[in-house]
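The structure appears below as structure tokens.
Note that ligands are numbered from 1 as they come in the structure, with each ligand's atoms numbered from 1 the same way. Numbers here are sequence positions counted from 1.
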Amino acid sequence: MAHLLAPSLLAANFLNLEKDIKMVNDSQADWFHVDVMDGHFVPNISFGFSIISQIKSIATKPLDVHLMISEPDRYIADFKNSGADHLTVHYETCPHLQSSIHTIKKHDMKAGVVINPHNPVCLLADIVADVDIVLIMSVNPGFGGQKFIPSTYNRISELKELLLKKNSKALIEVDGGVDATNAEKLLKAGADILVAGTFVFGADNPTKTISELKKI
Ligand code: DX5
Ligand code: ZN
């Protein structure tokens, strides 16, 4: 499978979000990556349901919603109603992860699990068969524009092995500090989906940057 690219709207221009959404619609990007932060699980607050509904009203590609919030189970139906196509929850926020994943699927969304950089990949051994996406954080979640953590390459290879061993068809997504200097190595390690915020929206020509990241 050719790899997928999901620009992170956290780095878009919020004063002209429509323009950036249309740019992604017309580009070679595959998904919109939408970061939800609550100021509790992570030390930053981003946006919630009304913005996501408005994004959905003009987006022509799936909304890949990454929840960085405590107690995500309380809001699964609300994210579905706001237009999320994929819902990814943190391992660290779900004491009943298997049940959370199944609730997401019951709401007719693709279900993802994400782990922070300090948590070993093997913690996901008994959930990978149930999920559609495993997201490996390559920075500590909460902010765009952070420095990529190099141990991510090994973590992706390890996850790839785990997926094979467990017969999981989950896609591997990587998020944080992704740019032209690490993208190829991430794909070689086994990543299927690259998330990129600052590198795309901070570029002089975001459309061209997207097509360059797709060409790798
Ligand atoms: C970080 C978010 C990322 C972020 C990526 O907590 O989950 O999706 O927007 O942004 P960059 O690509 O700038 O690191
Ligand atoms: Zn994210």
_Cluster check V34, V24: I/L/V/M/F/W/Y, side chain < 4.5 angstrom_ = yes
*Could you tell me whether the side chain of S138 and the main chain of D175 form a donor-acceptor pair under 3.5 Å?*
yes
*H3 and D192: side-chain donor and acceptor closer than 3.5 Å?*
no
*asked:* Measuring from atom CE of M137 to atom CD of E92, what distance do you get when rounded to the nearest 0.5 angstrom?
replied: 10.0 Å
*side-chain contact (heavy atoms from CB on, under 4.5 Å) partner of F148, the single match among T181, N182, D179*: N182
Dump the pairs for me: ligand 1 N or O, protein N or O, distance under 3.5 Å, to 0.1 Å.
residue	atom	partner	partner atom	Å
ligand 1	6 (O)	G142	N	2.8
ligand 1	7 (O)	D35	OD1	3.0
ligand 1	7 (O)	H66	ND1	3.2
ligand 1	7 (O)	D175	OD2	2.9
ligand 1	8 (O)	H33	NE2	3.3
ligand 1	8 (O)	D35	OD1	3.1
ligand 1	8 (O)	D35	OD2	2.8
ligand 1	8 (O)	D175	OD1	2.7
ligand 1	8 (O)	D175	OD2	2.9
ligand 1	9 (O)	S8	OG	2.8
ligand 1	9 (O)	D35	OD2	2.9
ligand 1	12 (O)	G197	N	2.8
ligand 1	13 (O)	G145	N	2.8
ligand 1	13 (O)	T198	N	3.0
ligand 1	13 (O)	T198	OG1	2.4
ligand 1	14 (O)	G177	N	2.8

*Which class fits the ring pair H86 and W31: parallel under 30°, tilted 30 to 60°, perpendicular over 60°?*
perpendicular
*Any chance the side chains of S70 and H40 put a donor and an acceptor closer than 3.5 Å?*
yes
*Are a donor atom and an acceptor atom from the side chains of D35 and S46 found within less than 3.5 Å of each other?*
no
_N, O or S atoms of the protein lying under 2.8 Å from the Zn ion (ligand 2)_ = H33 NE2, D35 OD1, H66 ND1, D175 OD2
*Can any side-chain N or O of D30 pair as donor or acceptor with the backbone N or O of L5 at less than 3.5 Å?*
yes
